[in-house]
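See below for the structure under consideration.
Naming convention: chains lettered A, B, ... in sequence-line order (proteins, then strands); numbering from 1 in each chain.
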Amino acid sequence: MLEKLIQSRLQDRVRITVPDANLATVLVRPCPDLKFGDYQSNALMAIAKERKRNPRQLAEEVVAGLDVSEWCEPIEIAGAGFLNFRVKTNAVTDVLKSAYRGEHLFFERSATPRTVIVDFSSPNVAKPMHVGHIRSTILGDSLVRALRLLGHHVVTDNHIGDWGTQFGKLLVGWKKDLDRTNLERDPLAEMGRLYKQVNASFETDEEIKTQARQELVSLQSGDEENLKIWREMIDLSLQEFGKVYLRLGIRFDHVLGESFYNPQLKAVAKNLVDVGIAQESEGATVVFFDESTGWKDPAIILKSDGGANYTTTDLATLEYRLKTWQPSEIVYVTDARQQLHFQQLFDIYRRWHPSADVSLSHIWFGMILGPDGTPFKTRTGENIELNALLNEAEERALASVTEKNPDLSEKERLEIARVVGIGAVKYSDLLPNRQSDYRFDWDKMLALTGNTAVYLLYAYTRIRSVGRKAAEVGATASVEALQLTLPSELTLAKHLLRFGLSVEAMASEYRPNYLCNYLFELAGLFSQFYENCPVLKAEAQERASRLALCELAGRVLKQGLEILGIETTERM
RNA sequence: GCGCUCGUAGCUCAGUUGGAUAGAGCAUCUGCCUUCUAAGCAGAUGGUCGUGGGUUCGAUUCCCGCCGAGCGCACCA
């Protein structure tokens with residue numbers, strides 16, 4: 001919070017001292033080490049360099065006219081030209097007081113809200129969601145939450161895979177061997193069984209192959225019976241996906257699957273040919289790319305059998321979204337392997353609609369690996385189903401809670417296990433840099449020590465426990481009594497002020513790990529405070545002050561976890 | 001062959017316009033529960049940031065070469 005005020009005033013001075021400087025680079029950031037101060041700006045060194053000026057001299061010039069004495073001690077110029085700001089305790093206390101009164105929670109809503117479409121999760125009909133969907137789903141959802149909290153208008157659209165060649169096989173299986181009882185009990189398992197069964201004989205059995213092709217053609221040409229079955233497969237799948245999303249606390253504004261765009265595909269392809277972007281090659285309709293891209297192979301728009309593929313669908317989807325919601329940005333959250341596809345998609349779209357004013361971002365992420373460093377699968381090489389994975393997380397969490405706190409009722413332990421188990425899965429997915437592959441490790445994820453959801457949730461329960469005990473003895477928090485005297489109180493308070501920076505950093509770079517690390521530090525600083533500063537045993541004035549500090553730390557921790565899609569619990 | 005990403009402590013990983021002595025967790029070792037949940041806290045040990053050059057006042061970060069790993073490159077999505 002304070003860094004924004006300091007930054008704005010610093011920018012004012014730079015504008016006067018160096019009129020042609022790019023003020024967007026004049027940023028105030030937390031110091032890497034508290035001994036330098038609380039906030040710093042390194043911008044003047046870069047500005048001096050561009051102009052071949054002495055950086056310290058420029059710094060002195062700027063600082064001479066810079067008055068931030070309302071919030072800071074005298075500014076220090078250090079080293080090659082760092083500006084170090086040390087905030088006054090009074091200024092920190094004032095921000096805490098306004099937060100306590102509910103005027104803000106250490107972040108500001110964006111002054112320039114954008115409309116952002118976030119495309120994430122996108123499971124395939126007739127297949128259970130599995131580990132491959134975890135990152136897109138959890139990462140995408142947390143980005144949505146962060147953007148919304150900052151005041152942006154977000155549209156979420158689950159672009160499910162409800163069309164494609166797999167339906168030929170599924171229809172054959174459905175008609176030949178559907179077990180209604182199995183279907184009612186576990187629709188996705190039954191559809192998966194049918195698919196596997198047909199698929200197994202597909203390569204060797206010419207008859208099956210022909211049947212599958214015929215069923216697909218028949219579906220695509222509007223055969224009533226096949227359409228009916230297809231719709232039933234979609235309905236059942238959506239119901240099952242809905243159960244998983246409910247467990248994860250995720251909802252979508254729209255579910256417009258690939259099939260929604262079928263009516264547009266031919267026109268899209270024709271238009272691309274008409275304007276000279278697409279051409280025929282080896283029987284297919286394709287788009288070649290400029291030599292400078294280095295992409296030798298073209299993207300296929302229409303296969304030689306006339307069918308469209310996902311580049312075409314994605315182009316139609318893009319058009320529809322722009323027309324329907326006029327977003328300033330569309331964000332696709334998918335795995336790293338689709339980088340080339342999205343680069344090509346964006347390239348084609350830019351050529352197709354050069355004047356479109358929208359930013360297109362592919363937010364990609366790495367793979368989830370098993371303990372041995374290879375892609376995470378079951379022992380038999382199958383994908384691990386998301387539902388089963390969440391079950392195991394809850395079971396493991398339940399064992400942990402039961403061991404640590406056997407006196408709680410079973411009902412309460414089950415609820416805690418749910419929050420902790422789901423939270424642990426989410427946190428372990430959001431903590432690593434999204435672009436790196438990470439190893440899925442149950443023990444690490446649900447470890448009672450280290451940077452885990454468990455640690456953050458435990459810190460939260462300690463805060464809440466202090467609050468409950470205080471209420472029992474009639475002690476109340478008072479923000480007016482707030483005084484930050486001990487180092488651990490002041491350090492904790494200053495960290496609360498940085499909450500907004502971490503949320504903004506997360507939202508602007510689509511990196512939830514920034515917020516995870518902020519919250520881990522917050523929980524650590526609270527624990528230090530908790531060790532060093534008795535709350536309930538303190539004298540009245542101090543007790544009221546510390547209760548207020550606890551309350552604020554609790555609010556920020558809860559809000560931060562909420563951005564990550566993680567619920568909190570009062571006890572554990 | 002071309003392209004993308006990566007190589008940081010024994011292990012798993014952070015490292016936010018290039019910035020100040022490179023950080024965390026785990027593991028190992030040492031302390032702290034008659035005190036608000038010890039699922040905690042305090043401290044110690046541990047790194048030529050793959051390697052060789054270059055740009056810079058300053059490089060884990062930017063550029064180039066080399067070594068090693070993963071992934072992707074015409075009709076699946």
Problem - For atom CG of A:L525 and atom P of B:G40, their distance in whole Å - result: 15 Å
Handout entry: Inter-nucleotide P distance (B:U28, B:A38), Å rounded
Key = 22 Å
Exercise for the section: Sequence neighbours left out, what pairs pass side chain to side chain donor-acceptor pair (under 3.5 Å) with at least one residue falling in residues 288-303 of chain A? Expected result: A:D290-A:S292
Exercise for the section: Specify whether A:F342 and A:Y332 have parallel, tilted or perpendicular ring planes, treating 30° as the upper limit for parallel and 60° as the lower limit for perpendicular. Expected result: tilted
Handout entry: SB check A:R396 A:D443 (cutoff 4.0 Å)
Key = yes
Exercise for the section: Verify the contact: side-chain N or O of A:N517 to OP1 or OP2 of B:C13, cut-off strictly under 4.0 Å; return yes or no. Expected result: no
Fill in the blank from the handout: Sorted by chain and number, sequence neighbours left out, side-chain contact (heavy atoms from CB on, under 4.5 Å) with A:M233 holds for A:V125, A:F167, A:L170, A:L171, A:W174, A:M191, A:I229
Handout entry: Under-3.5 Å donor-acceptor pair between A:N532 side chain and B:A42 base
Key = no
Handout entry: salt bridge (Lys or Arg N to Asp or Glu O under 4.0 Å) partner of A:E567, chosen from A:K558, A:K426, A:R418
Key = A:R418
Problem - Lys/Arg-Asp/Glu bridge criterion (N-O < 4.0 Å) met for A:R337, A:D335 - result: yes
Exercise for the section: Would you mind checking if A:K469 and A:E472 are paired as a salt bridge, meaning a charged N to carboxylate O distance below 4.0 Å? Expected result: no
Handout entry: Spacing of A:L549 atom CG relative to B:C36 atom C1', expressed in whole Å
Key = 14 Å
Handout entry: Inter-nucleotide C1' distance (B:A27, B:U16), Å rounded
Key = 29 Å
Exercise for the section: Spell out, as yes or no, whether a donor-acceptor pair under 3.5 Å connects the side chain of A:S136 to the backbone of A:F120. Expected result: no
Handout entry: Nearest-angstrom distance, C1' atom, B:C64 to B:G23
Key = 29 Å
Exercise for the section: May I ask you to say what A:M45 touches in the nucleic acid, namely base, sugar-phosphate or nothing, with a heavy-atom cut-off under 4.0 Å? Expected result: base
Practice task
Flag the pair A:Y438 / A:D429 as yes when at least one side-chain heavy-atom distance between them is below 4.5 Å, and no otherwise.
Solution key: yes
Problem - Ring centre gap for A:F260 and A:H159 strictly below 6.0 Å - result: no
Exercise for the section: Name the closest nucleotide to the A:Y455 side chain, picking from B:C36, B:C41, B:A14. Expected result: B:C41
Problem - Aromatic ring proximity A:F82/A:F36, centre distance under 6.0 Å - result: no
Problem - Pi stacking test for A:F36 and B:A20: under 5.5 Å apart, planes under 30° - result: yes
Handout entry: Whole-Å distance separating the CZ atom of A:F529 from the P atom of B:C41
Key = 14 Å
Practice task
For B:G1 and B:U48, measure between their C1' atoms and round to the nearest Å.
Solution key: 35 Å
Problem - For A:E60, salt bridge (Lys or Arg N to Asp or Glu O under 4.0 Å) partners two or more places apart - result: none
Problem - P spacing across the pair B:C71 / B:G25, given as an integer number of angstrom - result: 32 Å
Fill in the blank from the handout: Going 5' to 3' through nucleotides 58-68 of chain B and flagging B where a protein heavy-atom sits under 4.0 Å of the base, S where only the sugar-phosphate is that close, and - otherwise, we get B----------
Problem - From A:I363 atom CD1 to A:Q435 atom CD, the distance as rounded to the nearest 0.5 Å - result: 8.5 Å
Practice task
Mark up nucleotides 72-77 of chain B, 5' to 3', with B wherever a protein heavy atom is under 4.0 angstrom from a base atom, S wherever such an atom reaches only the sugar-phosphate, and - elsewhere.
Solution key: SSBBSB
Find every protein N or O atom lying less than 3.5 Å from an N or O atom of nucleotides 25-31 of chain B, and list the pairs.
residue : atom : partner : partner atom : Å
B:C26   : OP1  : A:T449  : OG1          : 3.4

Fill in the blank from the handout: From OH of A:Y530 across to C1' of B:C33 the rounded distance in Å is 11 Å
Fill in the blank from the handout: Regarding the side chain of A:N513, the nearest nucleotide among B:A20, B:U17, B:G15 is B:G15
Exercise for the section: Using a 3.5 Å limit on both pairing distances, list the dot-bracket string of RNA chain B from the 5' end; Watson-Crick and G-U wobble pairs count, crossing pairs take [ ], interstrand pairs take |. Expected result: (((((((..((((.....[...)))).(((((.......))))).....(((((..]....))))))))))))....
Practice task
Report yes or no: is the ring centroid of A:F82 under 5.5 Å from the six-membered base ring centroid of B:A20, with the two planes under 30 degrees?
Solution key: yes
Measure all distances between protein nitrogen or oxygen atoms and nitrogen or oxygen atoms of nucleotides 4-7 of chain B, and list the pairs falling under 3.5 Å.
residue : atom : partner : partner atom : Å
B:C4    : O2'  : A:Q339  : OE1          : 2.9
B:C4    : O2'  : A:Q339  : NE2          : 3.2

Exercise for the section: Evaluate the side-chain proximity of A:Y427 to A:V454: yes if any heavy-atom separation is below 4.5 Å, no if none is. Expected result: no
Handout entry: Set of salt bridge (Lys or Arg N to Asp or Glu O under 4.0 Å) partners for A:D314, sequence neighbours left out
Key = none
Handout entry: Neighbours of RNA chain B within residues 416-430 of chain A, by heavy-atom distance under 4.0 Å
Key = none
Handout entry: A:R571 CZ - B:C36 C1' separation (whole Å)
Key = 14 Å
Practice task
Enumerate the residue pairs fulfilling ring pair (Phe, Tyr, Trp, His ring centres under 6.0 Å) with a member in residues 530-551 of chain A, sequence neighbours excluded, ordered by first and then second residue.
Solution key: A:F526-A:Y530
Practice task
Syn or anti for B:C33, please, going by whether the chi angle lies within 90° of 0.
Solution key: syn
Problem - Criterion side-chain contact (heavy atoms from CB on, under 4.5 Å) on A:N513 and A:R434, from CA distance to verdict - result: CA-CA 8 Å; A:N513 59 313; A:R434 64 173 157 80; over 6 Å; no
Practice task
Round to a whole Å and report the spacing from CG of A:D372 to P of B:U12.
Solution key: 12 Å
Handout entry: From CZ (A:F241) to NE2 (A:H133), nearest 0.5 Å
Key = 7.0 Å
Problem - Atom-pair distance (CD on A:E531; C1' on B:C32), nearest Å - result: 9 Å
Practice task
State, with a plain yes or no, whether a side-chain heavy atom of A:V466 is found less than 4.5 Å away from one of A:L547.
Solution key: yes
Side-chain polar contacts of residues 278-288 of chain A - donor-acceptor pairs under 3.5 angstrom, sequence neighbours left out - could you list them?
none

Fill in the blank from the handout: Which of B:U35, B:U17, B:C57 is nearest the side chain of A:K537? It is B:U35
Practice task
Map A:P534 and A:T293 onto RNA chain B by nearest heavy atom, then report which one ends up closer to the 5' terminus.
Solution key: A:T293
Handout entry: Atom CZ of A:R51 with >12 non-hydrogen neighbours under 6.0 angstrom
Key = yes
Exercise for the section: Give a yes/no answer on whether the side chain of A:S436 brings an N or O atom under 4.0 Å of OP1 or OP2 in B:A14. Expected result: yes
Practice task
Could you tell me whether the side-chain ring of A:Y514 sits stacked on the base of B:U16, using a centroid cut-off under 5.5 Å and a plane angle under 30°?
Solution key: yes
Practice task
Taking atom P in both B:A77 and B:A24, compute the distance separating them and give it to the nearest angstrom.
Solution key: 48 Å
Problem - Distance between P atoms of B:U12 and B:G50 (Å, rounded) - result: 15 Å
Problem - Nearest-angstrom distance, P atom, B:U45 to B:G10 - result: 15 Å
Completion exercise
RNA chain B nearest-nucleotide lookup for A:N405 and A:L369: closer to the 5′ end is A:L369
Exercise for the section: Report yes if at least one side-chain N or O of A:Q40 is closer than 4.0 Å to OP1 or OP2 of B:A20; otherwise report no. Expected result: no
